[in-house]
Amino acid sequence: MLDIKLIRENPDLVKNAIENRHDSAPIDEVLRLDAERRRNIVKLDALRQERKVISKEREKAQERGRALRTEIQTLEEEVNKIDRQLEELLLQIPNIPQPDVPIGKDDSENVTVRTWGEPKKLDFSPLPHWTLGENLKIIDFERGVKLSGSRFYILKGMGARLQRALITFFLDLHTREHGYSEIYPPYMVKRECMVGAGQLPKFAENIYHDAEEDYWFVGTAEIPLTNLHRDEILTAEELPLYYCAYTACFRREKMSAGKDTRGIKRGHQFDKVELYKFVMPETSNDELEKLTRDAEDVCQKLGLAYRIRKLCTGDLGFTSIKSYDIDVWAPGCGEWLEVSSCSNCGDFQARRANVRYRPEPNAKPQFVHTLNGSGLALPRIMIAVMENNQQADGSINVPEVLQSYVGAKVIK
RNA sequence: GGAGGGGUCGCAUAGUGGUCUAGUGCGGGCGCCUGCUAAGCGCUUUCCCUGGGUAACUGGGGACGAGGGUUCGAAUCCCUCCCCCUCCGCCA
């Protein structure tokens, strides 16, 4: 959520930012409601003050008191109504990109800022992971569909083992070498967590939801992690906070219907290790660079070639002020796979989730900045590991860092 | 799921219709005192909204788990919901 004062004082800056995102938002309506709200509050406060004075005179002022009560109730209802309308609109407005974010319409205008390694060239014709996986009997697509329908699959034997090895390896690396503390959060959360992290109200159609209990299934561990410190005031000494969490992630993928239906690239359920930070505002840009390096480190240790792309305004996520995507090369399906998206959300989520810190012992609380990034997303790293390490005989060499976790050097 | 008890300013507590403008203790901050430290003494210490002023500053309103209601007036009375504790039931 944006600061209403920012919109009030710099409406053109906000409108311009939204235009650069190729998005739209009713800024003029927000300004109108904001002005109306404040006019009403001035009136309401005056009436309440009068009530306070009059009630001290006890029985003498009962008639005026009754009239005041009616007036106050009417105005309160009006202000509540405007508050709700304003809130609804404010929650739909995206974050403002930072000045160094390239302006562009979609992912074709993202900018590659660096690369690592060379996209692998194999001396035989590489197979896509769905063929490799079926031949090795480590991915079972048919039975996944039998159980749960399209976009579901089953990992079995060494496939399941490989995924579990990756999860453990990621968590060990981030907790032991990068300074993150591990969290095991709920996979279902309350509505206000979804609002806090920026998923609701705008993206409801992509979220699984249990209507009976009003539980919402997380599409990323970013959601519970954002809300870990909801409605808290942290001390300056506690910051920065680094968290990582493994969770299953659930997405309806309504918006990408028909896209990437082959293989395990885009399912309704997938696994991910997420990195998350709460930091002081002035440090968040440096923290984004560090977080991105932490995610990259995983690719390097797995020996996977990748590129880092700075997202342009048109491709930037709703909550983000600046993001880097990490794409790894997959020679079998012949594409760059997005395995991480590292974002600085500024104070956008902190304002929604009301996460603040006190810069000095008796100072006024301020919103923290939050950052998130995958470290990394599993099915896609599985794809990359399988396709990059495949041999001419159809077996897969296990990367050295994973061998102790997998308990084998080759999957065959 | 059932019965009972409870949710007050970081923590602990007081407060059962108007003197609560939410008290007290602990903790935190500033200062005094002091070979040093501790103790002691004094002052201070919740958050949000909003008005006036370039500003320092200053006026007003709201919040006692959440939301409604009763009343001239609600932390206090009533209703609904949430959470915690104890016991029972069920369960990995």
Side-chain angles (χ1 to χ4, degrees), chain A residues 1-11 30-91 93 184-196 200-201 209-216 223-224 227-239 241 247-248 278 280-281 347-368:
Chain A
M1 190 155 64
L2 297 181
D3 186 356
I4 182 71
K5 288 195 206 87
L6 178 77
I7 302 175
R8 193 186 294 153
E9 285 158 22
N10 304 288
V30 166
L31 292 171
R32 190 185 66 75
L33 285 170
D34 174 53
E36 198 182 335
R37 171 175 179 274
R38 286 184 295 149
R39 269 198 304 277
N40 280 318
I41 285 174
V42 170
K43 279 193 245 169
L44 181 58
D45 283 353
L47 292 174
R48 281 172 168 163
Q49 188 183 6
E50 189 184 349
R51 173 176 67 184
K52 205 175 243 185
V53 171
I54 265 183
S55 71
K56 291 219 176 13
E57 300 169 21
R58 310 287 176 99
E59 306 76 22
K60 279 183 257 171
Q62 290 201 14
E63 198 175 319
R64 175 63 186 148
R66 271 189 287 270
L68 270 175
R69 187 171 66 204
T70 316
E71 274 186 80
I72 287 170
Q73 273 174 352
T74 310
L75 253 183
E76 274 175 347
E77 273 165 36
E78 181 65 17
V79 169
N80 285 344
K81 196 177 118 204
I82 295 170
D83 275 344
R84 280 195 303 273
Q85 289 172 344
L86 196 55
E87 167 103 341
E88 197 186 311
L89 295 181
L90 285 173
L91 287 174
I93 300 173
Y184 172 79
Y187 296 179
M188 301 187 289
V189 296
K190 295 193 272 190
R191 173 185 297 268
E192 56 255 48
C193 292
M194 286 289 167
V195 174
L200 284 178
H209 173 220
D210 168 48
E212 199 173 346
E213 307 284 349
D214 201 27
Y215 283 136
W216 297 74
I223 296 162
N227 287 277
L228 218 51
H229 297 291
R230 182 150 51 89
D231 295 322
E232 290 183 24
I233 299 173
L234 305 164
T235 63
E237 296 77 60
E238 287 174 88
L239 298 177
L241 287 165
T247 66
F278 295 91
M280 290 194 251
D347 65 3
F348 191 84
Q349 290 180 320
R351 181 171 279 110
R352 284 178 168 242
N354 193 29
V355 185
R356 292 173 293 171
Y357 82 107
R358 215 181 284 282
E360 301 287 334
N362 280 331
K364 203 174 138 58
Q366 281 183 29
F367 291 110
V368 300

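Below, chain A is the first sequence line, B the second, and so on; all start at residue 1. Atoms considered below: every heavy atom in the structure, side chains included; atoms not considered: hydrogens, waters and symmetry mates.
Atom C1' of rC47(B) sits at a distance of 13 Å from the matching atom of rG10(B), rounded to the whole Å. Comparing the same atom, P, in rC32(B) and in rU16(B) gives a spacing of 42 Å after rounding to whole Å. Taking atom P in both rG18(B) and rG2(B), the straight-line distance is 36 Å, to the nearest Å. The C1' atoms of rA39(B) and rC33(B) are separated by 11 Å, rounded to the nearest whole Å. Between the C1' atoms of rA56(B) and rC49(B), the separation comes to 23 Å (whole Å). Distance noted for atom C1' between rA75(B) and rG23(B): 13 Å (whole Å). Rounded to whole Å, the separation between the C1' atoms of rC77(B) and rG17(B) comes to 8 Å. If you take atom P in rG42(B) and the same atom in rC82(B), they sit 49 Å apart, rounded to whole Å.
Distance CD (Glu71(A)) to P (rG73(B)): 13 Å, rounded to an integer number of Å. In this structure, Asn354(A) atom CG and rA66(B) atom P are separated by 14 Å, rounded to whole Å. When rounded to the nearest whole Å, the span between CD of Glu232(A) and C1' of rC47(B) equals 15 Å. Taking atom CG of residue Asn80(A) and atom P of nucleotide rC49(B), one finds them 16 Å apart after rounding to whole Å. Following rounding to the nearest Å, Lys43(A) (NZ) and rG62(B) (C1') show an atom-to-atom distance of 19 Å. Rounded to whole angstrom, the span from the CG atom of Leu44(A) across to the P atom of rC48(B) amounts to 20 Å. Computed from coordinates, the Glu76(A) CD to rG67(B) C1' distance equals 13 Å when rounded to whole Å. Taking atom CZ of Arg351(A) as the reference point, atom P of rC48(B) lies 12 Å away to the nearest angstrom.
The two residues Asp34(A) and Arg8(A) make their nearest non-hydrogen contact at OD2-NE, 2.7 Å.
Taking the charged nitrogens against the carboxylate oxygens, Arg32(A) and Glu36(A) do have a contact shorter than 4.0 Å, which makes a salt bridge. Looking at Asp3(A) and Arg351(A), a side-chain N of the basic residue comes within less than 4.0 Å of a carboxylate O on the acidic one, giving a salt bridge. With respect to Arg64(A) and Glu71(A), a salt bridge is recorded, a charged nitrogen being found less than 4.0 Å from a carboxylate O. In this structure, Glu78(A) does not pair ionically with Arg39(A), as no charged nitrogen and carboxylate oxygen lie closer than 4.0 Å.
For Gln49(A), the side-chain atoms get nearest to rG61(B) when compared with the rest of rC47(B), rG61(B), rU71(B). Checking rG60(B), rG18(B), rG62(B) against every side-chain atom of Ser55(A), the shortest atom distance belongs to rG18(B). The nucleotide whose nearest atom lies closest to any side-chain atom of Gln73(A) is, among rU70(B), rC48(B), rC72(B), rU70(B).
Side-chain N/O atoms of Arg356(A) include one lying less than 4.0 angstrom from OP1 or OP2 on rC48(B). Applying the 4.0 Å criterion to OP1 and OP2 of rG62(B), one finds that Lys52(A) has a side-chain N or O inside that range. For the pair Arg48(A) and rG60(B), the criterion of a side-chain N or O lying under 4.0 Å from OP1 or OP2 is not met. Arg51(A) has no side-chain polar atom (N or O) that falls below the 4.0 Å cut-off from OP1 or OP2 of rC72(B).
Applying the Watson-Crick and G-U wobble criteria (two distances, each under 3.5 Å), rA56(B) pairs with nothing in any strand. As the counterpart of rU37(B), no nucleotide is assigned, since no Watson-Crick or G-U wobble pattern has both distances under 3.5 Å. Using the Watson-Crick or G-U wobble rule with both distances under 3.5 Å, rA63(B) pairs with rU46(B). rG1(B) and rC88(B) make up a base pair, with Watson-Crick or G-U wobble contacts both under 3.5 Å. Nucleotide rU70(B) forms no Watson-Crick or G-U wobble pair with any nucleotide shown, as no partner meets the under 3.5 Å limit on both distances. Across all strands shown, rU16(B) remains unpaired; no Watson-Crick or G-U wobble contact has both distances below 3.5 Å.
Counted within 6.0 Å of CD on Glu360(A), heavy atoms from surrounding residues, nucleotides or ligands total 12 or fewer; the atom is thus considered open.
His209(A) has its ring centre no less than 6.0 Å from the ring centre of Tyr215(A).
Take the nearest nucleotide of RNA chain B for Arg69(A) and for Ile233(A): the residue whose nucleotide is more 5' is Ile233(A). Of the residues near RNA chain B, Lys190(A) and Ala46(A), the one whose nearest nucleotide (by heavy atom distance) lies more toward the 5' end is Ala46(A).
When heavy atoms are screened at a 4.0 angstrom cut-off, Lys364(A) is found touching the sugar-phosphate backbone but no base atom.
Here the CG atom belonging to Asp214(A) is positioned 10.5 Å from the CE atom belonging to Met194(A), to the nearest 0.5 angstrom.
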Starting at the 5' end of nucleotides 50-56 of chain B, put B wherever the base has a protein heavy atom under 4.0 Å, S where only the sugar-phosphate does, and a dash everywhere else. SS-----
Would Asn354(A) and Arg352(A) count as a side-chain hydrogen bond (donor to acceptor under 3.5 Å, both in side chains) if you check the C-alpha gap in whole Å, the side-chain angles of each, and the deciding distance to 0.1 Å? CA-CA 6 Å; Asn354(A) 193 29; Arg352(A) 284 178 168 242; over 6 Å; no
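Using modelled atom types, one side-chain atom of Glu238(A) and one backbone atom of Thr235(A) make a donor-acceptor pair closer than 3.5 Å.
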